[in-house]
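Heavy atoms only: backbone and side chains are in, while hydrogens, waters and symmetry mates are out.
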Amino acid sequence: MEDSSLEVALKWIKDLADGTIGHEIETITARGIRVVKAHKGSLLCDFIIHNGLLDENENWHVGAIATLVDIIGSTASYSFTSYKYVTIDFSISYYSTAKVQEEVEVEAKVIAKKDELTSVIVQVRKKENGELIALGKLWMAVARMNARQQASKL
C-alpha cells in the first residue's frame, strides 16, 4: 500500500462488495468485485457477472455497468487525492456486453487533476479475450460538506 487514502479506498470497495456498507444499488452492483492491483490513482478489478445484474435479454444491464464504472472511477479518484468526490460529468460508450458468469476486468486510471477536479477513464473488458465492453469518462469534483458554502449566484 502506498498511503492511507489507497488503504481507505480498498477497504471501501471490499465493504461495498460484501454488502457491509452502501446503498442497495451499489451493493448489488459491486457484489463480488475483487481488486487485483491498486496504486495511487489506479485500480484493476476482476468481476464475475451475477444474476442480479441482467436485463430482459439475459445480458449485463447497461445501468449496472454504468453504476460499476462510477463506483470504481470515484474510488480511483479518492485513492489519488484523499478527497470525497461527486461525479459532475459522466459519459459512457458501450461496445459489447457480457452474460451471466462471464468474468470481466474493470480498470480505472486518474488521467488529470486540475484544482478541485479530477478526470478518470474506466475500461471494462472481457477477461477471456480482452474485448472492450464499455469505456467510461468521468469528471469528479470535491464534495462539499456544507451546501451553504456554494451559494448560487442566480
Side-chain angles (χ1 to χ4, degrees), residues 1-113 117-143:
M1 302 285 168
E2 292 176 299
D3 64 27
S4 64
S5 63
L6 182 58
E7 291 175 21
V8 170
L10 293 176
K11 180 171 179 5
W12 185 75
I13 289 230
K14 180 192 169 298
D15 290 348
L16 196 59
D18 67 19
T20 306
I21 63 167
H23 298 285
E24 185 177 10
I25 186 85
E26 297 167 321
T27 59
I28 290 170
T29 301
R31 186 176 68 215
I33 197 159
R34 189 173 59 88
V35 177
V36 176
K37 285 186 197 175
H39 302 284
K40 185 176 180 175
S42 174
L43 291 174
L44 177 65
C45 303
D46 283 347
F47 185 66
I48 297 174
I49 312 308
H50 57 82
N51 285 327
L53 303 177
L54 303 180
D55 65 14
E56 64 277 357
N57 296 316
E58 302 293 316
N59 293 315
W60 189 12
H61 195 285
V62 295
I65 296 170
T67 301
L68 192 62
V69 165
D70 194 37
I71 289 168
I72 301 304
S74 61
T75 305
S77 291
Y78 181 85
S79 76
F80 190 72
T81 64
S82 299
Y83 294 118
K84 292 184 179 178
Y85 282 91
V86 293
T87 305
I88 59 169
D89 186 41
F90 182 94
S91 69
I92 190 165
S93 298
Y94 298 97
Y95 297 91
S96 66
T97 192
K99 299 282 188 183
V100 70
Q101 295 303 309
E102 275 194 83
E103 190 171 9
V104 298
E105 290 181 331
V106 183
E107 184 174 21
K109 291 182 183 178
V110 172
I111 58 168
K113 175 155 181 8
L117 297 174
T118 303
S119 180
V120 182
I121 296 285
V122 182
Q123 293 183 15
V124 182
R125 295 183 176 275
K126 291 184 180 184
K127 184 141 183 162
E128 178 183 36
N129 60 12
E131 179 183 358
L132 185 63
I133 295 173
L135 178 65
K137 299 174 187 175
L138 296 82
W139 275 101
M140 315 291 291
V142 174

Original post:
Would you say the side chain of Leu135 lies within less than 4.5 Å of the side chain of Ile92, judging by non-hydrogen atoms?
Top reply: no
Quick check for you: to the nearest 0.5 Å, what is the distance between [X] atom [atom1] and [Y] atom [atom2]?
X: Leu53; Y: Thr29; atom1: CG; atom2: OG1; result: 6.0 Å
X: Trp60; Y: Ile49; atom1: CH2; atom2: CD1; result: 4.0 Å
X: Thr81; Y: Lys40; atom1: OG1; atom2: NZ; result: 8.5 Å
X: Thr67; Y: Ile72; atom1: OG1; atom2: CD1; result: 11.5 Å
X: Leu43; Y: Ile33; atom1: CG; atom2: CD1; result: 9.0 Å
X: Leu16; Y: Arg31; atom1: CG; atom2: CZ; result: 12.0 Å

Original post:
If you look at every heavy atom in Gly41 and Ser79, which pair is closest and at what distance?
Top reply: N-OG, 3.0 Å
Original post:
Taking only residues at least two apart or on different chains, which pairs with a member in residues 90-100 satisfy side chain to side chain donor-acceptor pair (under 3.5 Å)?
Top reply: Asn59-Lys99, Ser96-Glu131
Original post:
How would you list, by chain and number, every residue that makes a salt bridge (Lys or Arg N to Asp or Glu O under 4.0 Å) with Glu26, sequence neighbours excluded?
Top reply: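 For Glu26 there are no salt bridge (Lys or Arg N to Asp or Glu O under 4.0 Å) partners, ignoring immediate neighbours.
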**OP:** Output all residues satisfying salt bridge (Lys or Arg N to Asp or Glu O under 4.0 Å) with Glu103, sequence neighbours left out; order by chain, then residue number.
**Re:** none
Subject >> Flag if over 12 foreign heavy atoms under 6.0 Å of CD1, Ile111 >> reply: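 Counting other residues, nucleotides and ligands, CD1 of Ile111 exceeds 12 neighbours.
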Subject >> Flag if over 12 foreign heavy atoms under 6.0 Å of NZ, Lys126 >> reply: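 Buried by this count: over 12 neighbours within 6.0 Å.
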Original post:
Would you say the side chains of Thr118 and Tyr85 form a donor-acceptor pair under 3.5 Å?
Top reply: yes
